[in-house]
S.K.: 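Got a structure here, written out as structure tokens. Questions coming.
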Amino acid sequence: MAAAKALIASAPEFQAALLGWYRAHRRRLPWREEPSLYKTVVSEFMLQQTQVKTMLPYFARWLDALPGFPSLAAASEEEVVKLWEGLGYYTRARNLHKLARALVALPEMPRTRDAWLELPGIGPYTSAAITSIAFGAPAAVVDGNVVRILARLAADGTAWRDTTSAGKDLTPLADALLNHAEPGDHNQAMMELGATVCTRHNPLCTVCPVRAFCAACRAGEPEAYPKLAAKVIEARTVVRAWCRRATDGALLLHKTDSSARRLAGQHELPSAEHLGLDPSALARKDTLLATKKRGITRFSFTEPIHALEPAGLPRPISTGLVWVAPAELDGVLMSGPHRRWVRELIARA
DNA sequence: AAATCGGGGTG
DNA sequence: CACCCAGATTT
């Protein structure tokens, strides 16, 4: 592609403009103050599919509780996942825990991208990010931000299946533009540009440090790139029960087995299926307490919550159902949405 | 290649 | 509501 070729030819000028902007305008983020390998690793795991703003409070709490690889490796998985509660994609927490245990068992820290790629939770993006930032390794990151920037710079109108596929196609261009003298700052600058200037909607082209290199900006249609296939969202309904024991106010919850692939160790308000009830029998109009909505990847869930008297429970109670006293609720593992629903309904009662 | 991860922000 | 976010792993 012609635009990409011209861009690569002016790589040194592009790098200088980008790096100059980054050093003057970068946000002050916790892992950029007194940087360390541990802070870089923890931040990169939390930032997988999660925006900076969302993970900031979790990062502070995490560093406070587990300040380094040794304390993380020594912690129990239960403690680690509990600290992650609310951030979602809990496999990241389990992988970060496994990673810490793998690293402390090694004679020395791996310094190359290929060595990091062998470790748990480390893929193409994270290996490049960690080794370029912490060790100055010459590896270009390609995340959602970089895909958007490169597609616009080159005005690449390819209709991609998804971001992963686009990233694969654009990796050679990312590598060609990498600043080998400052790979860590170059990578962070690309992502910072995508997060604060070259945004998906209403990009701030007038203040962009690399607009002179951008074919999409010249054409006046930056938002046309990248061109990605539309996602198909599937709607699902889950009827849940709000069931409290009169004697001590304990709440009935369903706990998924800790070894399960999905929802491992998570507590939820029991669904009709958990209870062995017909959803339409549980979902009586006169017992509706609230209807909640949430999304996860390609699903949109609608979850009506119905009051249920303990006397209405089938006997014996199915495995996985547990009574949790109000004082114990904070200690059990629960997703962010469930935590908020339970708090709201307890307060209302 | 496509599905999964039971999150959350934003226009 | 639709789409994206400093993606990785499993099927």
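Numbered from 1 within each chain, the chains take letters A, B, ... in sequence-line order.
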S.K.: Whole angstroms only, please: what is the CE-C1' distance between A/M46 and C/dA8?
M.R.: 17 Å
S.K.: Scan residues 264-283 of chain A against DNA chain C and write down, sorted by residue number, each residue with any heavy atom closer than 4.0 Å; if none is found, say none.
M.R.: none
S.K.: Using a heavy-atom distance cut-off of less than 4.0 Å, which residues of residues 80-95 of chain A contact DNA chain B?
M.R.: A/G86, A/L87, A/G88, A/Y89, A/Y90
S.K.: Checking A/R245 now: which residues fulfil salt bridge (Lys or Arg N to Asp or Glu O under 4.0 Å) with it, not counting sequence neighbours?
M.R.: A/D248
S.K.: Can you list every ring pair (Phe, Tyr, Trp, His ring centres under 6.0 Å) pair that touches residues 215-268 of chain A, not counting sequence neighbours?
M.R.: A/H254-A/H274
S.K.: Would you kindly compare A/I133 and A/V232 by the position of their nearest DNA chain C nucleotide and give the one closer to the 5′ end?
M.R.: A/V232
S.K.: Using atom NZ of A/K231 as one end and atom P of C/dC4 as the other, report the distance to the nearest whole Å.
M.R.: 8 Å
S.K.: Salt bridge (Lys or Arg N to Asp or Glu O under 4.0 Å): which pairs involve residues 286-300 of chain A, sequence neighbours left out?
M.R.: A/E234-A/R298, A/R284-A/D286, A/K292-A/E344, A/R294-A/E303
S.K.: In residues 186-206 of chain A, which residues come under 4.0 Å of DNA chain C by heavy atom?
M.R.: A/M191, A/R200
S.K.: Assuming nearest nucleotide by heavy-atom distance, tell me which of A/L263 and A/R161 is located more 5' along DNA chain B.
M.R.: A/R161
S.K.: Heavy-atom contacts under 4.0 Å between residues 138-146 of chain A and DNA chain C, which residues?
M.R.: A/D143, A/G144, A/N145
S.K.: Between the side chains of A/K82 and A/E79, is the shortest nitrogen-to-carboxylate-oxygen separation below 4.0 Å, so that they form an ion pair?
M.R.: no
S.K.: Please collect all ring pair (Phe, Tyr, Trp, His ring centres under 6.0 Å) contacts where either partner lies in residues 142-182 of chain A, sequence neighbours excluded, each pair once.
M.R.: none
S.K.: Say you pick atom P in B/dG8 and the same atom in C/dT9; how far apart are they, in whole Å?
M.R.: 22 Å
S.K.: Of all of residues 121-130 of chain A, which get a heavy atom below 4.0 angstrom from DNA chain C, listed by number?
M.R.: A/G121, A/I122, A/G123, A/P124, A/Y125, A/T126
S.K.: Return each pair, listed once, that meets side chain to side chain donor-acceptor pair (under 3.5 Å) where at least one residue sits in residues 86-98 of chain A; pairs must be two or more places apart or across chains.
M.R.: A/T50-A/R92, A/E77-A/R94, A/H97-A/R101
S.K.: Can you list the residues that meet the salt bridge (Lys or Arg N to Asp or Glu O under 4.0 Å) rule with A/R32, with sequence neighbours excluded?
M.R.: A/E192
S.K.: Between A/S335 and B/dG7, is there a side-chain N or O to OP1/OP2 distance below 4.0 Å?
M.R.: yes
S.K.: Applying ring pair (Phe, Tyr, Trp, His ring centres under 6.0 Å), which residue pairs with at least one partner in residues 320-349 of chain A are found, sequence neighbours left out?
M.R.: A/H338-A/W341
